[in-house]
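Reviewing the structure listed below.
Note that these values count all heavy atoms, side chains included, but never hydrogens, waters or copies made by symmetry.
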Amino acid sequence: MARPLKQGLDYFPLDTDFLSDRKVRKIINACGPNSVTILICLLCNIYKDKGYYIVWDKEMPFDIADIVGVSEGAVSEVVKKALQVELFDNTLYRKFHILSSRGIQNRFKSCTSKRKDVEIIPDFWLNYAHNSINYVNISINVGDIEQSKVNKSKSSPPHILVGEFFPAVSFFDNSLDDY
């Protein structure tokens with residue numbers, strides 16, 4: 001029996017100017033010094049599981065608070081402020097209740113560029129917007145392939161295997177303004 005394929009990352013790059021980033025500084029000023037630990041814990045959870053997003057459900061504040069040693073309210077306030085300063089994408093949060101950003105997705109794509117088995121949910125992937133011509137081509141190709149493999153439903157968006165369907169498409173906008 002084959003080993004299950006890993007979606008997330010074992011480690012991720014953290015920019016040396018993370019604490020100098022204006023968005024992070026605004027969160028620290030509003031929520032206190034523990035917010036740095038909360039943010040890093042959030043990033044670790046994002047990268048380790050799905051790799052480029054995390055579902056923000058009612059249990060997640062407890063999970064993060066328990067690891068970091070702060071209150072659930074403190075975690076919720078940091079996430080609220082992170083959304084306010086656009087460290088995390090507000091559209092994805094409102095629409096799907098997930099935390100992600102272009103920067104997170106760029107790092108994930110960079111770290112998994114040699115994998116052939118990475119699943120991407122197109123509705124969750126922000127970086128298509130920068131390359132609309134390629135996105136049209138991708139959606140046509142993916143639609144043809146997925147018709148035979150996946151039952152389409154509103155509750156579960158289709159998955160794309162990145163390396164298999166469009167290895168030559170660049171998702172990078174080379175900006176590191178989101179974590």
Side-chain angles (χ1 to χ4, degrees), residues 4-15 18-19 21 23-28 30-113 115 117-130 150 153-163 171-173 175-179:
L5 300 175
K6 183 174 179 77
Q7 173 69 18
L9 304 175
D10 291 326
Y11 59 92
F12 65 95
L14 181 66
D15 294 338
F18 176 76
L19 295 174
D21 184 279
K23 294 174 185 180
V24 174
R25 290 190 344 249
K26 285 181 178 183
I27 295 167
I28 294 168
C31 302
N34 283 336
S35 58
V36 174
T37 310
I38 294 168
L39 288 173
I40 291 173
C41 188
L42 282 167
L43 291 172
C44 289
N45 279 279
I46 289 169
Y47 287 115
K48 82 174 180 182
D49 188 25
K50 302 294 185 188
Y52 64 99
Y53 73 93
I54 193 168
V55 176
W56 188 252
D57 60 18
K58 65 179 184 173
E59 297 299 323
M60 193 55 62
F62 169 78
D63 293 339
I64 300 297
D66 190 50
I67 292 168
V68 175
V70 297
S71 70
E72 291 178 50
V75 174
S76 295
E77 284 303 310
V78 168
V79 169
K80 181 179 173 183
K81 187 65 177 179
L83 287 162
Q84 183 183 32
V85 299
E86 298 179 350
L87 186 71
F88 296 121
D89 185 80
N90 281 295
T91 303
L92 288 177
Y93 180 76
R94 283 191 305 271
K95 196 170 182 180
F96 302 108
H97 228 60
I98 65 170
L99 300 178
S100 190
S101 71
R102 287 190 197 286
I104 288 168
Q105 293 180 5
N106 286 341
R107 282 178 199 80
F108 174 73
K109 179 65 177 124
S110 176
C111 291
T112 59
S113 63
R115 290 187 194 173
D117 58 352
V118 175
E119 291 185 355
I120 300 295
I121 300 173
D123 288 344
F124 294 0
W125 198 255
L126 295 165
N127 295 309
Y128 286 140
H130 291 295
V150 177
S153 70
K154 291 183 180 179
S155 62
S156 178
H159 291 56
I160 297 174
L161 297 174
V162 173
F171 289 94
F172 303 107
D173 64 0
S175 69
L176 300 175
D177 57 355
D178 295 324
Y179 293 90

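- When all heavy atoms of A30 and K81 are compared, the pair lying nearest together is CB-CE, 3.7 Å.
- Partners of D10 according to the salt bridge (charged side-chain N to carboxylate O under 4.0 Å, His left out) rule, which considers only residues two or more places apart in sequence or in another chain, are K6.
- Using a 4.5 Å heavy-atom threshold, the side chains of T112 and R115 count as touching.
- For the pair F108 and I120, the minimum side-chain heavy-atom distance is below 4.5 Å.
- A 4.5 Å side-chain heavy-atom check between S100 and L92 finds at least one atom pair inside the cut-off.
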Check the pair W56, F88 against ring pair (Phe, Tyr, Trp, His ring centres under 6.0 Å), reporting the backbone distance first and the verdict last.
CA-CA 12 Å; W56 188 252; F88 296 121; 8.5 Å; no
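- Remark: S35 pairs with no residue by the side-chain hydrogen bond (donor to acceptor under 3.5 Å, both in side chains) rule, at least two apart or across chains.
- Closest non-hydrogen pair, I54 versus M60, comes out as CD1-CE, 3.5 Å.
- In this structure, the separation between CZ on R102 and CD on E86 is 11.0 Å, given to the nearest 0.5 Å.
- Rounded to the nearest 0.5 angstrom, D57 CG and I98 CD1 are separated by 12.5 Å.
- Using a 4.5 Å heavy-atom cutoff, the side chains of V68 and V75 are not in contact.
- The shortest distance between side-chain heavy atoms of S71 and S76 does not fall below 4.5 Å.
- Here the closest heavy-atom approach between residue G51 and residue I104 is recorded as O-CG2, 4.4 Å.
- Counting only heavy atoms from C-beta outward, the side chains of C44 and F12 approach each other to under 4.5 Å.
- Between L9 and Y52 there is no side-chain heavy-atom pair separated by less than 4.5 Å.
- The closest donor-acceptor contact from the side chain of S110 to the backbone of N106 lies at 3.5 Å or more, if one exists at all.
- At a threshold of 4.5 Å between non-hydrogen side-chain atoms, the residues L39 and F18 count as touching.
- Put simply, CG on D89 and CG on L126 are 4.5 Å apart, with the number rounded to the nearest 0.5 Å.
- Note that the CG atom of L83 and the OG1 atom of T91 stand 10.5 Å from one another [nearest 0.5 Å].
- Between L99 atom CG and L43 atom CG the span is 10.0 Å, to the nearest 0.5 Å.
- When each of V36, V78, I64, I46 is tested with C41 by the rule side chain to side chain contact (heavy atoms under 4.5 Å, CB included), just one qualifies, namely I64.
- Salt-bridge check for D21 with K26: failed, with every basic side-chain N at 4.0 Å or more from each acidic carboxylate O.
- Interatomic distance, OH of Y47 versus CD of Q7, reported as 13.5 Å (0.5 Å rounding).
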Is there a salt bridge (charged side-chain N to carboxylate O under 4.0 Å, His left out) between R107 and D15 once you walk through the steps?
CA-CA 11 Å; R107 282 178 199 80; D15 294 338; 3.1 Å; yes
